[in-house]
A.B. asks: 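Can you keep this structure in mind? I'll have questions shortly.
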Amino acid sequence: MNLSELKRIEKLPHLSNFSAEQLITELSLYERVLITTDDVKIVDATYDNEIPYVSVSKDVKALHEFCLSEKRIVLPCSHCHSDRPFEQSKGWNPRKVNISKNADHKYTPSEASVISASSTDEKTERYNIFDPHYSFGTERLANADQSNFQDSSWDIYTSVCGHKCKMGILGNISELRKDFICTLDRGHKNFVDFIIVAAVTDEPDEMKSYSEKQTAAKTKDSEATIEKTDSEQLAEDLYYKHFNSLFLIKVGQYPSLKDLQLFDTKKYRNILGKNYTDYTLALALYSDGVGAGSFVYLRRILEHFVEEVHTNCVNQCIDAVTNGSGSTFNEEEYNALRFNEKINYLEQNFHKTIIPAELNDIRRNIYGVISKGVHESTEEECLQLFPSAKYIIDTFIEEKIQQKEKQDRLLQVKKAFQGQ
């Protein structure tokens, strides 16, 4: 681990920013989501017989909610080919393999009856889903003994709480699966698999390097002190900041993210033509956790849209020359322009609409951001940005569909009136 990896962790989205639907329909395979465990707080007592307690972080609450929720959620059904309400199967499957069987055991409220991934029969197995971070699914992490942090800093106390919570989660749900059943046809099912792992496993190279330099200096002079460089200090700060953080990583899904995204895009085939393959490849790569590669195909589609208008304008000029009412298209001038300048050139000189009106505020950034994803952005940055980039491309396609429908309708109207 090094400073660059810690910086990437710092930029990751938090679990509390996702809804259950987004975890299923927007999160690609192997994409990491951050769970911060030590962002805890004291909740004051509300009744005389209560005492203050430590509440878990927002990310841990979101994890509890996702694991234990039985609310219906709306998901795309690849069989119905439209959005449908899905029921969540009761509970969740932690898929632990090192748990003991006990057919005569009476389950307590702090335990759950589950089928282990290693089970060879239908017997249920004993598994404690609450210990050691107290009440899984509620806010309470521990009773607040304020004497614990009166003589030390709050940061140290929260770190201890966070570490306890982190180890409790890893001990209970290192792998989890959620199952969903379509309410219109119970034969239509979705499931999603995640693993939870520690975000930080060892000290970054910068910290190790500083320790080595400090040790070497003290060998020569026991009083010597080496100052940390800015990168060494930042690496240490980020290391301790995320020492108790976890990653939630999607490792499996059925139907695949590609299938869920493609069920309503077949209408794009006629508009995109041969570029429909590029569109499906972009979705497939994104669903497999490939960020930069997916941007390559989105950019090809965008370039195709502009080139299509360019070809149309060239033909328009050829027709004008043939009719003696215009001049040829200036290819030399056009080819010398940058991509955004080419768009402006075609729109202004030929009264074309390339950038949909709703995207005018970001028109200067569209091609640059997508190209940056191809050449410079990290995989994580591309994966986070892909849904927005896809929305932009979809907006282009929807605009072309509307234009074609308008032209087809206008042609029908003209034929109808000309026949009268």
Side-chain angles (χ1 to χ4, degrees), residues 1-18 27-28 30-41 57-60 149 152-167 169-170 195-250 289-295 365 368-386 388-389:
M1 173 165 284
N2 54 38
L3 179 58
S4 297
E5 293 176 79
L6 288 168
K7 286 181 176 179
R8 286 196 288 271
I9 293 174
E10 182 75 1
K11 294 179 180 179
L12 290 176
H14 284 255
L15 179 60
S16 53
N17 295 330
F18 287 83
L27 193 68
S28 61
Y30 314 119
E31 185 177 353
R32 300 177 299 175
V33 177
L34 196 62
I35 301 174
T36 300
T37 64
D38 52 14
D39 182 22
V40 300
K41 65 179 181 178
S57 69
K58 292 190 297 183
D59 290 337
V60 175
F149 54 88
S152 61
S153 70
W154 169 249
D155 290 342
I156 294 176
Y157 182 70
T158 57
S159 180
V160 171
C161 292
H163 185 68
K164 181 178 183 179
C165 188
K166 166 190 169 183
M167 299 311 295
I169 292 172
L170 289 177
I195 59 171
I196 299 178
V197 298
V200 174
T201 55
D202 61 348
E203 289 187 351
D205 296 338
E206 289 79 5
M207 286 181 66
K208 294 177 182 177
S209 175
Y210 172 76
S211 296
E212 291 171 0
K213 289 189 296 182
Q214 182 76 344
T215 301
K218 285 189 176 295
T219 301
K220 297 179 180 179
D221 181 359
S222 60
E223 302 297 325
T225 300
I226 303 296
E227 288 191 8
K228 297 184 179 72
T229 64
D230 290 343
S231 60
E232 289 169 344
Q233 185 62 59
L234 180 57
E236 181 178 317
D237 292 342
L238 292 178
Y239 170 73
Y240 286 114
K241 179 178 180 180
H242 292 295
F243 181 77
N244 292 318
S245 295
L246 299 166
F247 290 146
L248 178 76
I249 307 173
K250 183 190 286 185
V290 181
S294 63
F295 270 60
N365 301 334
V369 171
I370 293 178
S371 293
K372 184 180 178 181
V374 174
H375 298 294
E376 299 178 33
S377 301
T378 65
E379 288 295 292
E380 289 87 352
E381 290 170 340
C382 289
L383 291 171
Q384 291 174 32
L385 197 58
F386 182 87
S388 297

A.B. asks: Ignoring hydrogens, what is the shortest heavy-atom contact between Leu383 and Gly289? Give both atom names and the distance.
C.D. replies: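 Taking every non-hydrogen atom into account, CD1-O, 3.6 Å.
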A.B. asks: In Å, rounded to the nearest 0.5 Å, how long is the span from CG of Asn244 to CG of Asp39?
C.D. replies: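 Spacing of CG (Asn244) from CG (Asp39) equals 11.5 Å.
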A.B. asks: Could you tell me whether a side-chain N or O of Ser377 sits under 3.5 Å from a main-chain N or O of Cys382, the two making a donor and an acceptor?
C.D. replies: no
A.B. asks: Is Leu238 close to Ile9 at the side-chain level, that is, under 4.5 Å between some pair of heavy atoms?
C.D. replies: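 Result no, sub-4.5 Å side-chain heavy-atom pair not found.
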A.B. asks: Report the C-alpha separation of Leu6 and Val200 in whole Å, then their side-chain angles, then the decisive distance to 0.1 Å, and conclude whether the side-chain contact (heavy atoms from CB on, under 4.5 Å) test is met.
C.D. replies: CA-CA 8 Å; Leu6 288 168; Val200 174; 4.3 Å; yes
A.B. asks: Side chain of Asn2, backbone of Glu5: donor and acceptor closer than 3.5 Å?
C.D. replies: yes
A.B. asks: With side-chain contact (heavy atoms from CB on, under 4.5 Å) as the criterion, how do Val197 and Ile249 come out once you've worked through the C-alpha distance, each side chain's angles and the decisive distance to 0.1 Å?
C.D. replies: CA-CA 8 Å; Val197 298; Ile249 307 173; 4.0 Å; yes
A.B. asks: To the nearest 0.5 angstrom, please state how far the NZ atom of Lys7 sits from the OG atom of Ser231.
C.D. replies: 8.0 Å
A.B. asks: Please report the closest heavy-atom contact between Phe243 and Lys166, naming both atoms and the distance.
C.D. replies: O-NZ, 2.9 Å
A.B. asks: For the pair Glu206 (side chain) and Ala235 (backbone), establish whether a donor and an acceptor sit closer than 3.5 Å, ignoring hydrogens and angles.
C.D. replies: no
A.B. asks: Within a reach of under 6.0 Å around NZ of Lys372, are more than 12 heavy atoms found that belong to other residues, nucleotides or ligands?
C.D. replies: no
A.B. asks: Is it the case that the side chain of Ser294 and the backbone of Gly291 share a donor-acceptor pair, with hydrogens and angles ignored and the cut-off at 3.5 Å?
C.D. replies: yes
A.B. asks: Find out whether Leu12 and Val33 are in side-chain contact, i.e. whether some heavy atom of one side chain is under 4.5 Å from a heavy atom of the other.
C.D. replies: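 They are not in side-chain contact.
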A.B. asks: Which distance, rounded to the nearest 0.5 Å, do you find between the CE of Met207 and the OH of Tyr240?
C.D. replies: 4.0 Å
A.B. asks: At what distance, to the nearest 0.5 angstrom, does CD1 of Ile370 lie from NE2 of His375?
C.D. replies: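 The distance works out to 12.0 Å.
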A.B. asks: Only counting residues at least two apart or in another chain, list the ones meeting ring pair (Phe, Tyr, Trp, His ring centres under 6.0 Å) with Phe295.
C.D. replies: none
A.B. asks: Evaluate whether atom NZ of Lys213 has more than 12 neighbouring non-hydrogen atoms of other residues, nucleotides or ligands under 6.0 angstrom away.
C.D. replies: yes
A.B. asks: Donor-acceptor pair, Gln233 side chain versus Asp230 backbone, under 3.5 Å?
C.D. replies: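 Absent.
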A.B. asks: Donor-acceptor pair, distance only, cut-off 3.5 Å: does the side chain of Asp38 make one with the backbone of Thr158?
C.D. replies: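 No, Asp38 side chain to Thr158 backbone: no donor-acceptor pair under 3.5 Å.
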A.B. asks: Heavy atoms only: give me the nearest Phe247-Ala198 pair and the separation to one decimal.
C.D. replies: CD1-O, 4.2 Å
A.B. asks: Looking only at non-hydrogen atoms, find the nearest pair between Asp59 and Thr36 and report the distance.
C.D. replies: OD2-N, 2.9 Å
A.B. asks: Using 0.5 Å steps for rounding, measure from the NZ atom of Lys11 to the CD atom of Gln384.
C.D. replies: 9.5 Å
A.B. asks: Do the side chain of Glu379 and the main chain of Val290 share a donor and acceptor less than 3.5 angstrom apart?
C.D. replies: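 Checked: no pair found.
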A.B. asks: Whether Lys228 and Glu236 form a salt bridge (side-chain N of Lys/Arg under 4.0 Å from carboxylate O of Asp/Glu) is what I want to check.
C.D. replies: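 Yes, charged N to carboxylate O under 4.0 Å.
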A.B. asks: State, to 0.1 Å, how close Ile169 and Thr37 come at their nearest heavy-atom pair, and which atoms those are.
C.D. replies: CD1-CG2, 4.5 Å
A.B. asks: Ignoring hydrogens and angles, tell me if any N or O in the side chain of Lys241 forms a donor-acceptor pair with the backbone of Glu10 under 3.5 Å.
C.D. replies: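 No; judged by distance alone, with no hydrogens or angles, the pair does not exist.
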A.B. asks: In chain order, what residues pass the side-chain hydrogen bond (donor to acceptor under 3.5 Å, both in side chains) check against Glu31, with sequence neighbours excluded?
C.D. replies: Ser28
A.B. asks: Measuring from atom NE2 of His14 to atom CG of Leu248, what distance do you get when rounded to the nearest 0.5 angstrom?
C.D. replies: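 Going from the NE2 atom of His14 to the CG atom of Leu248 covers 13.0 Å.
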A.B. asks: When you look at Gln214 and Thr225, which way does the side-chain contact (heavy atoms from CB on, under 4.5 Å) test go after all the steps?
C.D. replies: CA-CA 7 Å; Gln214 182 76 344; Thr225 300; 4.3 Å; yes
A.B. asks: Within the supplied structure, the quantity of interest is the number of heavy atoms (other residues, nucleotides, ligands) at a distance under 6.0 Å from Lys218 NZ; does it exceed 12?
C.D. replies: yes
A.B. asks: Assess the residue pair Ile35 and Val60 against the criterion (side-chain contact (heavy atoms from CB on, under 4.5 Å)); give the C-alpha distance rounded to whole Å, side-chain angles, the decisive distance to 0.1 Å, and a yes or no.
C.D. replies: CA-CA 7 Å; Ile35 301 174; Val60 175; 4.2 Å; yes
